[in-house]
Protein chains: 2
Amino acid sequence: MPRSHRRVLTHPDLVELDLLDLLHALADPTRMTIVRTLRSDVERPCGTFPVDVAPSTLTHHFRVLREAGVIRQRDEGNRRWTTLRLDDLNARFPGLLDSVLETYERQLAGT
Amino acid sequence: MPRSHRRVLTHPDLVELDLLDLLHALADPTRMTIVRTLRSDVERPCGTFPVDVAPSTLTHHFRVLREAGVIRQRDEGNRRWTTLRLDDLNARFPGLLDSVLETYERQLAGT
DNA sequence: CAGCTTATACGACGTACGTCGTACTTCGGA
DNA sequence: TCCGAAGTACGACGTACGTCGTATAAGCTG
């Protein structure tokens with residue numbers, strides 16, 4: 001009985017993913033940091049992301065990403081582990097996430 | 001003296017373009033329709049876009065796109081002509097716009 | 001000049017967003 | 001068993017967004 005006080009973790013199905021929802025989800029620096037971090041480390045607990053917001057704010061951003069189909073989360077013990085839905089995203093939006101992330105890395109590098 | 005009662009048309013410089021602003025600008029169906037239309041027809045007056053919003057709403061969306069660097073506008077007589085800043089976008093975000101638009105077309109096609 | 005067209009400016013409205021603090025639940029370790 | 005850690009739920013707050021109606025200005029055309 002995992003965390004009954006929390007909402008059930010619902011993840012949208014592959015065919016439900018919407019491009020405009022994805023763009024909106026990615027158009028935020030905190031969420032972009034989450035996604036970038038997940039591209040380096042495959043799976044992470046919520047509290048280990050290098051972001052500077054309150055825990056409740058972080059929860060909000062995870063929900064946005066989850067409902068847009070960007071991440072998948074699972075509970076294990078006291079931790080909630082998060083992964084990128086890379087395969088699903090590449091199936092639904094081929095090459096798009098890589099294109100966005102590469103562009104963002106280049107922008108952060110100041111080019 | 002073109003339209004002195006209107007704000008001067010300011011377009012961000014190439015190096016000022018921000019990816020997150022771009023993503024936000026594209027994360028709206030009306031604005032996406034504008035961009036798609038501009039990819040087919042090179043240049044268009046404001047009133048000729050196949051969107052179903054009030055004129056003042058359309059003005060708002062043009063401003064968002066212009067300030068994000070997606071479009072360029074110029075006044076000629078009574079008309080304001082709009083073009084995609086394709087070269088600038090491809091220079092700053094190589095391949096990204098095409099990737100987004102292709103994905104969106106595929107989604108609209110129902111695939 | 002008068003009237004129509006094109007498009008914006010401005011203000012209003014309801015909603016969504018990003019943020020936080022607080023309370024709470026669950027799990028794990030001392 | 002108790003307490004801290006992890007993370008969420010909920011409500012609040014200020015701001016931004018998408019929308020519109022109305023008023024306005026400039027250009028075109030008769």
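Just so you know, these numbers use all the heavy atoms, side chains as well, and skip hydrogens, waters and symmetry mates. The sequence lines fix the lettering, A, B, ..., with proteins before strands; numbering per chain opens at 1.
- Residues in residues 12-36 of chain A take part in no ring-ring contact (aromatic ring centres under 6.0 Å, His included) pair, two or more places apart or across chains.
- Rounded to a whole Å, the CG atom of B/Leu20 is 13 Å from the P atom of D/dC17.
- Take B/Pro55 and apply the side-chain contact (heavy atoms from CB on, under 4.5 Å) test, not counting sequence neighbours, and it matches no residue.
- Residue B/Thr57 places none of its side-chain N or O atoms closer than 4.0 Å to OP1 or OP2 of D/dT19.
- Here the P atom of nucleotide D/dC17 and the CZ atom of B/Phe62 are 18 Å apart, to the nearest Å.
- Classification of B/Asp18 and B/Arg92 as a salt-bridged pair fails, no side-chain N sitting under 4.0 Å from a carboxylate O.
- B/Ala54 pairs by the side-chain contact (heavy atoms from CB on, under 4.5 Å) definition with B/Ser56, B/Thr57, not counting sequence neighbours.
- Within residues 40-51 of chain B, the residues that place at least one heavy atom under 4.0 Å from DNA chain C are, in residue-number order, B/Pro45, B/Cys46, B/Gly47.
- By the salt bridge (Lys or Arg N to Asp or Glu O under 4.0 Å) test, A/Asp88 is found to be paired with A/Arg72, A/Arg85, residues two or more places apart in sequence or in another chain being considered.
- Nearest to the side-chain atoms of A/His61 among the listed nucleotides C/dA9, D/dT8, C/dG18 stands C/dG18.
- With sequence neighbours left out, the ring-ring contact (aromatic ring centres under 6.0 Å, His included) criterion links B/Phe62 to B/Phe49.
- When the side-chain nitrogen and oxygen atoms of B/His60 are compared with OP1 and OP2 of D/dC20, none of them lie within a distance under 4.0 Å.
- At whole-Å resolution of the value, CZ in B/Arg79 and C1' in D/dA26 are 14 Å apart.
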Contacts under 3.5 Å, N or O only, protein and nucleotides 28-30 of chain C:
none

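- Take B/Leu86 and apply the side-chain contact (heavy atoms from CB on, under 4.5 Å) test, not counting sequence neighbours, and it matches B/Leu84, B/Asn90, B/Leu97.
- Distance CG (B/Asp75) to P (C/dA7): 9 Å, rounded to an integer number of Å.
- For the pair A/Ile34/A/Leu65, a side-chain contact is recorded, criterion being any heavy-atom separation below 4.5 Å from C-beta on.
- Side-chain contact check for B/Leu19 versus A/Arg106: every heavy-atom pair is 4.5 Å or farther apart.
- When the salt bridge (Lys or Arg N to Asp or Glu O under 4.0 Å) test is applied to B/Glu43, the partners found at least two apart in sequence or on another chain are B/Arg74.
- For A/Glu105, the salt bridge (Lys or Arg N to Asp or Glu O under 4.0 Å) partners two or more places apart in sequence, or in a different chain, are A/Arg36.
- Considering only residues two or more places apart in sequence or on other chains, B/Asp13 meets the side-chain contact (heavy atoms from CB on, under 4.5 Å) condition with B/Val15, B/Glu16.
- When the P atom of C/dG18 is taken as reference, atom CD of A/Glu67 falls 12 Å away, rounded to whole Å.
- Side chain of B/Arg80, nearest nucleotide from D/dC20, C/dT8, D/dT8: C/dT8.
- In this structure, CZ of B/Arg66 is placed 13 Å from C1' of C/dA9, rounded to the nearest angstrom.
- Protein atom CG of A/Leu58 is 16 Å distant from nucleotide atom C1' of C/dG21, rounded to whole Å.
- Side-chain proximity of A/Thr59 to the nucleotides D/dT19, D/dA9, C/dA9 is greatest for D/dA9.
- In this structure, CZ of B/Arg63 is placed 14 Å from C1' of D/dC20, rounded to the nearest angstrom.
- For the segment residues 25-34 of chain A, the set of residues with a heavy atom within less than 4.0 Å of an atom of DNA chain C comprises A/Asp28, A/Arg31, in numerical order.
- Between A/His24 and A/Ala54, the residue anchored nearer the 5' end of DNA chain C, judged by the nucleotide with its closest heavy atom, is A/His24.
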